[in-house]
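Okay, so here's the structure we're looking at.
Below, each value reflects all heavy atoms present in this structure, side chains not excepted, and no hydrogens, waters or symmetry copies. Everything numeric here is computed off the predicted structure, so don't read it as measured data.
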Amino acid sequence: MPQYDVIIIGSGPGGYVCAIRAAQLGLKVAVVEKRATYGGTCLNIGCIPSKALLHASEMFREAGHGLAALGVKVGAPELDLAAMMAHKDATVKSNVDGVAFLFKKNKIDAFQGVGRIVSPGQVEVTAEGGGGKQTIETKAIVIATGSDSTPLPGVEIDEKRIVTSTGGLELTSVPKRLLVVGAGVIGLEIGSVWRRLGSEVTVVEFLDRILPGMDGEVAKQSQRIFAKQGFSFRLGSKVTGVAAGEDGLDVSIAPAKGEGEAELLQADKVLVAIGRRPFTEGLGLAEAGVELDERGRVSVDPHFRTNVEGIYAIGDVIAGPMLAHKGEHEGAAVAEILAGQAGHVNYEVIPSVVYTMPEIAVVGRGEEELKDSGVEYRAGKFPFTANGRARANNQTDGFVKVLADRATDRVLGVHIVGAGAGDMIHEAAVLMEFGGSAEDLARTCHAHPTMSEAVREAAMAAWWKPVHL
Ligand SMILES: Cc1cc2nc3c(=O)[nH]c(=O)nc-3n(C[C@H](O)[C@H](O)[C@H](O)COP(=O)(O)OP(=O)(O)OC[C@H]3O[C@@H](n4cnc5c(N)ncnc54)[C@H](O)[C@@H]3O)c2cc1C
């Protein structure tokens, strides 16, 4: 008889949620984690530390630039970067300790070490630092090993001067010139932290737009706002090398396509943020016969089963958006499936947020995507400049866009650029989860004065007419 019903390899949001849900459903659960703390990329080096620094740096910016306009004079704020980093570290600690507490509470056995699949029912755990090996047995295995930063050919990361997001959240002084490679979510968020603290930030992006994958209008308007905040963008360009120069780092950039002059830019730090890749190193997948797709992700069917009986996979290591909550939902779904229930994830309704100021939040499809798939839609838009609360808060940057099916009025996508967008997006997510229409949203009473009224007005515009525009 195996010791466990399920062994989960990796304790990120995918793995730890799967473990807790499985234990709640009465399964005997073990988790294998190679890090010293639980919570994976998200809690240790991703979502949580980045949001702690985004919040703290926004407070610093607000004290220096925003408060005086509201009649609050505080003088020039002084940065105590060590204290800001201590706040970030304390936030991480309380979150990872929280996961350890939940493991105990739910009687989940946690093994510290590198997990390797020996066979469908066996996982070998090698403790870090030569602490020995042991093999544990189980009915099912869930691979939840996440992802790591994609390297940039020709650029060697040292996590001091040339950093990934991990080093970018650990800098001990504010770089005078920060060059960010990649205008995706992580590059813009970490770029925002250092921009607010005083860095000159240049973002180099291969494509001719920022925020690849997002609605084009949202990306364009957001770029304008970031430019107003002092970001400079080099779009349609690629970084071909970084070398130590006389004045900091010499960064070679060239046009992304075709001919054109190569150029040298100077920077004090370079942040490489060109994406993340699935992490499967040392798991023994080839030996176990587990198939990967063309991008190195573990292939799964709609029930998260790999091609090998009894082995499942979830989170960043499989296809889909690399988002903590996507992994969490997959984790819960697999736990339910293992407990004999019908777990599933609705990939049509997975919100995505860029935690800059203003925030950028999206759920569902963008205009280009709808056009490409030949769907006829109506777009309703409402700017925050016309929203009373936004004016009162001096936070009028951005807009809401609701996209609804032209024939049925069903909401297909909602896009918000604005302060608090990351919280406001969820009313759209709930609406879409229930197949709601723009009229449903428009007829739902919203409290006044709130930023959320702009969401309702955009729905009114998609369905018929807004009132306040
Ligand atoms: C800077 C940054 C900011 C981010 N911000 C956000 C955000 O705001 N919102 C959001 O939704 N997402 C964000 N993400 C993405 C998010 O962190 C990931 O989508 C999420 O962590 C994926 O969860 P996961 O459980 O699949 O894997 P991970 O969180 O990567 O966890 C995998 C775990 O598996 C362990 N592991 C790997 N191999 C083994 C092995 N063989 N044996 C034992 N353990 C192993 C790893 O040590 C790790 O702890 C951010 C990422 C970064 C880098």
Side-chain angles (χ1 to χ4, degrees), residues 3-4 6-20 22-23 29-49 89 92-93 95-104 106 108-138 140-151 157 159 164-167 169-170 276-288 290 292 296-298 306 311-318 322 324 327-328 330-331 334-335:
Q3 293 158 269
Y4 293 102
V6 55
I7 295 176
I8 297 144
I9 308 178
S11 72
Y16 87 71
V17 169
C18 183
I20 294 169
V29 183
V31 172
V32 181
E33 172 55 60
K34 67 186 167 92
R35 250 176 212 287
T37 50
Y38 307 121
T41 303
C42 174
L43 271 56
N44 289 280
I45 53 168
C47 323
I48 293 299
D89 294 341
V92 168
K93 185 168 178 346
N95 279 275
V96 300
D97 287 353
V99 176
F101 165 78
L102 291 172
F103 280 175
K104 270 210 185 96
N106 288 286
I108 293 162
D109 290 343
F111 293 83
Q112 218 88 47
V114 177
R116 185 175 72 84
I117 299 172
V118 182
S119 70
Q122 290 185 313
V123 175
E124 178 190 77
V125 184
T126 306
E128 297 270 273
K133 287 182 198 292
Q134 61 178 311
T135 300
I136 42 180
E137 303 207 328
T138 178
I141 295 171
V142 178
I143 301 167
T145 49
S147 61
D148 68 357
S149 308
T150 305
I157 303 288
E159 294 295 11
T164 65
S165 55
T166 305
L169 296 170
E170 295 280 338
R276 296 184 60 81
R277 58 180 182 178
F279 185 82
T280 53
E281 230 172 86
L283 258 181
L285 296 188
E287 296 81 347
V290 175
L292 304 181
R297 303 172 294 199
V298 177
T306 69
I311 303 182
Y312 299 75
I314 55 170
D316 279 10
V317 81
I318 67 169
M322 287 184 161
E328 287 186 41
E330 290 173 343
V334 166

Working to the nearest 0.5 Å, report the span between [atom1] of [X] and [atom2] of [Y].
X	Y	atom1	atom2	result
R116	L283	CZ	CG	10.0 Å
I157	T164	CD1	OG1	6.0 Å
C18	I314	SG	CD1	4.5 Å

Using every non-hydrogen atom in the two residues, find where [X] and [Y] come nearest and quote the distance to one decimal.
X	Y	value
T41	S147	OG1-O, 3.9 Å
D316	M322	OD1-CA, 3.2 Å
A335	A22	CB-N, 3.5 Å
V317	F279	CG2-O, 3.6 Å

Sub-4.5 Å side-chain heavy-atom contact between [X] and [Y]:
X	Y	answer
I20	I108	yes
I8	V29	yes
V6	V142	yes
V298	L285	yes
I117	I311	yes
L102	K104	no
N44	V96	yes
F103	V31	yes

Residues R277 and D148 bridged, charged N to O under 4.0 Å:
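So R277 pairs with D148 through a salt bridge.
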
Under a 3.5 Å distance rule, please check whether [X] uses its side chain to pair with a backbone N or O of [Y] as donor and acceptor.
X	Y	result
T145	G10	no
S11	G39	yes
E128	G113	no
Q112	A127	no

Less than 6.0 Å separating the ring centroids of Y38 and Y16?
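Centroid separation for Y38 and Y16: 6.0 Å or greater.
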
Do I136 and I7 pass the side-chain contact (heavy atoms from CB on, under 4.5 Å) test, and can you show the C-alpha distance, the side-chain angles, and the key distance before you say yes or no?
CA-CA 8 Å; I136 42 180; I7 295 176; 3.5 Å; yes

Tell me, with the steps shown, if I318 and E330 meet side-chain contact (heavy atoms from CB on, under 4.5 Å).
CA-CA 10 Å; I318 67 169; E330 290 173 343; 3.6 Å; yes

Output all residues satisfying side-chain contact (heavy atoms from CB on, under 4.5 Å) with R297, sequence neighbours left out; order by chain, then residue number.
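P278, D293, E294, R295, A319.
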
Could you walk me through whether T306 and Y312 pass the side-chain contact (heavy atoms from CB on, under 4.5 Å) check?
CA-CA 5 Å; T306 69; Y312 299 75; 5.7 Å; no

Going by side chain to side chain donor-acceptor pair (under 3.5 Å), name the residues that satisfy it together with S119, two or more places apart in sequence or in a different chain.
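Residues passing side chain to side chain donor-acceptor pair (under 3.5 Å) with S119: Q122.
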
Go through the steps for I141 and I9 under the test side-chain contact (heavy atoms from CB on, under 4.5 Å), then give the verdict.
CA-CA 8 Å; I141 295 171; I9 308 178; 4.1 Å; yes

Taking atom types as modelled, find out whether Q3 and T138 have a side-chain donor-acceptor pair closer than 3.5 angstrom.
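Short answer, no.
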
